[in-house]
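Numbered from 1 within each chain, the chains take letters A, B, ... in sequence-line order.
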There are 2 protein chains.
Amino acid sequence: MTAAGNHQASRSGRRLERAGIRDVAAAAGVSITTVSDALNGKGRLPDATRRHVREVANRLGYRPSAAARTLRTGRSGLIGLTVTTYGEEPFTFTEFAYFAEMARAATSAALARGYALVILPASSRHDVWSNVALDGTVVIDPSDHDPVVADLVRQGIPVVSDGRPAGNLPVHAWVDNDHEQAVLGILDHLADSGARRIGLLTGTSTDTYTRLSTTAYLNWCERVGQEPVYEAYPAHDPCAGAVAADRLLARPDRPDAVYGLFDPNGTDLLAAARRYGLRVPEDLLLVCCSERAAYATTEPPISTLSLKPGRIGTAVVQLLIDAIEGVGAGRPVAQVMPTDLIVRASSQRRSTRTTVSPPRSPEND
Amino acid sequence: MTAAGNHQASRSGRRLERAGIRDVAAAAGVSITTVSDALNGKGRLPDATRRHVREVANRLGYRPSAAARTLRTGRSGLIGLTVTTYGEEPFTFTEFAYFAEMARAATSAALARGYALVILPASSRHDVWSNVALDGTVVIDPSDHDPVVADLVRQGIPVVSDGRPAGNLPVHAWVDNDHEQAVLGILDHLADSGARRIGLLTGTSTDTYTRLSTTAYLNWCERVGQEPVYEAYPAHDPCAGAVAADRLLARPDRPDAVYGLFDPNGTDLLAAARRYGLRVPEDLLLVCCSERAAYATTEPPISTLSLKPGRIGTAVVQLLIDAIEGVGAGRPVAQVMPTDLIVRASSQRRSTRTTVSPPRSPEND
DNA sequence: CGCATATGCAGAAACGTCACTGCATCCCGG
DNA sequence: CCGGGATGCAGTGACGTTTCTGCATATGCG
């Protein structure tokens with residue numbers, strides 16, 4: 001009898017999968033165009049029609065096909081989160097806390113702007129990469145001439161990196177901490193706490209983080225007239241850190257304070273100090289760079305430098321979505337973020353007055 | 001005018017974005033069908049043609065449009081990873097280690113079978129959920145009558161849950177640990193180590209994990225004829241755990257061994273023990289359920305029950321992809337996984353030659 | 001009253017791919 | 001020499017949206 005009945009008949013032969021926009025149009029007695037416009041708030045439609053269509057769509061449980069929409073509009077609402085891989089597994093456990101927090105913040109930030117995150121390890125099979133329609137990608141710590149990044153950029157897909165891009169990767173923007181400033185702050189803090197000779201536990205790799213931090217340390221030493229005391233080890237090897245910590249404290253010119261650039265250095269140094277009968281913080285001041293909440297409850301609690309991965313994750317995503325939506329003029333953007341020094345017992349000597357920022361609980365912000 | 005010439009002409013006016021399948025067909029002098037077949041290994045084509053097409057496609061940097069393929073085939077190669085949210089943020093920090101490890105394993109497993117993972121917090125705006133074409137979803141610890149899950153199932157999208165589905169959520173499969181067995185194993189282990197009265201630190205919420213673990217404890221108590229000694233607290237509140245740990249050790253019927261169901265219980269109990277002057281493990285045996293590597297380096301190291309989130313993540317993804325690809329007959333599948341008890345100094349009384357206890361600083365805590 | 005403009009909607013062409021159908025060959029046995 | 005089955009490809013819809021264009025009516029204005 002009605003047009004709706006007619007349409008229903010014409011589709012009755014098909015299997016009754018999900019309702020499409022056609023079904024909604026038929027049920028509402030309007031055209032496909034009108035449904036699309038009503039649901040997307042476009043076109044010139046009186047509110048009555050809009051409401052009616054919405055109501056019918058709702059009743060039919062209509063969900064627009066994401067694939068069709070993506071194909072038509074060229075936007076998927078998906079952004080990639082590329083994480084460097086060591087061996088077969090994405091992200092090594094030494095970066096767990098940093099990555100987890102960064103991903104959490106990035107997810108929230110993306111969601112707030114209507115995007116979802118896809119986890120895509122850099123070493124993924126190529127077919128997986130090309131099988132997902134990305135509006136853009138975040139890459140964490142891209143290596144010198146990352147082929148994946150280059151490929152993406154060539155396809156015109158915006159890429160924003162966490163960490164200064166090495167080589168001259170053509171990323172659209174990057175975010176990084178102010179590593180020089182961070183190191184200088186720590187060294188000053190240690191000196192304020194009474195340190196006379198500050199050592200550094202650093203890495204052998206040439207990534208930007210290691211390089212910037214180490215040169216900042218060397219510059220500081222030169223400025224204050226201290227002989228540099230440091231040990232470098234391959235940071236990706238978890239056992240090497242313990243050995244390097246031991247070597248550092250075994251030296252004849254043993255430092256009375258140490259800053260460790262990597263997450264496990266705190267426990268490694270603590271263990272080494274114990275072996276040599278050094279009390280922390282009385283005989284040895286300790287700071288390391290880590291996001292681990294557990295350092296708040298070691299004996300003694302260890303001061304840490306937090307890179308604030310949450311802030312980084314948020315910033316990276318904002319920049320990426322800006323690039324996707326064409327907000328930023330399209331020129332590369334660099335954003336340097338401050339770090340947080342969380343001062344705990346391991347870097348404070350009772351004798352000296354409390355300095356710098358007050359101890360802060362790790363779960364804040 | 002040939003079809004190829006026609007196409008070329010019709011596309012000459014457009015901006016030269018990415019190469020499409022048409023461009024490849026034109027450049028290779030074959031039809032679209034042939035290109036598709038050659039690249040996907042279908043159809044009847046001699047190897048020479050196949051190679052030629054592949055070579056041309058490569059030269060043009062052709063990448064098939066994921067959106068078009070998804071629309072056509074009905075497969076996106078994307079699976080959702082839904083994580084419960086507390087407040088605005090996905091996953092609370094008490095579940096960090098578990099989630100990170102689980103996600104890592106799930107990502108690897110998915111990738112190995114050609115799928116990518118999309119992080120989708122359960123509380124996401126509905127439009128984000130419906131804007132991404134998912135082949136299936138993993139839900140972690142779904143709540144009783146999760147509307148999102150119900151909606152997905154209604155759309156015919158496979159859902160597999162990590163943790164027994166509460167209520168009767170119509171998931172296609174689930175994976176969970178054998179929590180009863182785990183608790184019994186721990187209690188036996190503690191009893192073996194000489195515990196006479198074992199206490200439990202548990203939660204007030206009614207989720208399956210808490211419920212199963214607690215009843216397993218109560219059953220064990222009844223079997224061996226011990227009066228239950230436990231404190232329950234709201235597990236999502238980080239401070240409440242410390243208070244509960246304190247209460248447990250303050251009781252007149254103080255236990256000489258405690259199992260804590262939640263991640264922070266180890267440090268909480270350790271701190272409480274210190275306050276009451278109890279030595280671990282001499283006066284108090286300790287085990288808690290956690291994935292934190294840091295428990296290996298506390299003073300003393302604390303025995304932990306690992307739920308093996310990696311195994312869970314892998315299993316969940318395998319089950320999901322099986323369901324997507326129609327491998328499993330389509331009937332619900334349940335899979336119960338064993339746990340790992342990692343025995344450290346905190347729960348062993350015999351071999352007390354664990355680590356050297358450092359000279360305690362009298363003024364600190 | 002007539003013309004211009006606004007309003008409400010419908011038609012149809014994409015978006016880029018895959019899969020079904022079908023048309024030529026070619027080969028081979030009878 | 002002919003019929004039938006391989007073989008190698010090309011045409012042609014869909015898939016389910018969005019969006020551009022356009023056609024009717026209403027509405028305003030001189």
Novice: Please report, rounded to the nearest Å, how far the P atom of D/dT7 is from the CG atom of B/L45.
Specialist: 12 Å

Novice: Tell me what A/T70 touches on the nucleic acid: a base, only sugar-phosphate, or nothing, going by heavy atoms under 4.0 Å.
Specialist: nothing

Novice: Regarding B/N40, tell me which of base, sugar-phosphate or nothing describes its non-hydrogen contacts under 4.0 Å with the strands shown.
Specialist: sugar-phosphate

Novice: Report yes if a side-chain nitrogen or oxygen of B/R69 is closer than 4.0 Å to either non-bridging phosphate oxygen (OP1 or OP2) of C/dC18; otherwise report no.
Specialist: yes

Novice: Would a 4.5 Å heavy-atom cut-off, applied to side chains only, mark A/I79 and A/T137 as touching?
Specialist: no

Novice: Scan A/S36 against the nucleic acid and name what it touches under 4.0 Å (heavy atoms): base, sugar-phosphate only, or nothing.
Specialist: base

Novice: Rounded to whole angstroms, how far apart are NZ on A/K42 and P on D/dT21?
Specialist: 15 Å

Novice: Hey, could you give me the CH2/CG distance between A/W174 and A/D141, rounded to the nearest 0.5 Å?
Specialist: 12.5 Å

Novice: Quick test of your reading: applying salt bridge (charged side-chain N to carboxylate O under 4.0 Å, His left out), list the pairs with at least one residue in residues 107-121 of chain A, sequence neighbours left out, ordered by first then second residue.
Specialist: A/R113-A/D322, A/R113-A/E325

Novice: Could you check how far CZ of A/R18 sits from C1' of D/dG16, rounded to whole Å?
Specialist: 10 Å

Novice: Mind calculating the distance between CG (A/D37) and P (C/dG11) to the nearest angstrom?
Specialist: 14 Å

Novice: Quickly work out the A/I21 CD1 to D/dG16 P distance and round it to whole Å.
Specialist: 11 Å

Novice: Let's see if you can work this out: which of D/dT17, C/dA10, C/dC18 has an atom nearest to the side-chain heavy atoms of A/R72?
Specialist: D/dT17

Novice: Between D/dT17 atom C1' and A/R22 atom CZ, what is the distance in whole Å?
Specialist: 10 Å

Novice: Measuring to OP1 and OP2 of C/dG16, would you say a side-chain N or O of B/S65 lies under 4.0 angstrom away?
Specialist: no

Novice: Show each protein N/O and nucleotides 21-24 of chain C N/O combination with a separation under 3.5 Å, one pair to a line.
Specialist:
none

Novice: Which residue lies toward the 5' end of DNA chain C, A/T49 or B/T73, if each is placed at its nearest nucleotide?
Specialist: A/T49

Novice: Can we say B/D151 and A/R63 salt-bridge, meaning some charged N sits less than 4.0 Å from an Asp/Glu carboxylate O?
Specialist: yes

Novice: Decide yes or no for A/V118 and A/L134: does some side-chain heavy atom of the first lie under 4.5 Å from some side-chain heavy atom of the second?
Specialist: yes

Novice: Specify the closest pair of heavy atoms between B/L120 and A/A116, including all atoms of both residues, with the distance to one decimal.
Specialist: CD2-CB, 4.0 Å

Novice: Counting any heavy atom closer than 4.0 Å, what does B/R75 reach on the DNA or RNA strands: base, sugar-phosphate only, or nothing?
Specialist: nothing

Novice: If each of B/L71 and B/P46 is mapped to the nucleotide of DNA chain D with the nearest heavy atom, which maps nearer the 5' terminus, i.e. the 5' end?
Specialist: B/P46

Novice: Rounding to an integer number of Å, can you tell me how far A/L39 CG sits from D/dT17 P?
Specialist: 10 Å

Novice: Would you mind reading off the distance between A/I32 atom CD1 and D/dC20 atom C1', rounded to a whole angstrom?
Specialist: 15 Å

Novice: May I ask you to check whether A/S36 and A/T33 show a side-chain donor-acceptor distance below 3.5 Å?
Specialist: no

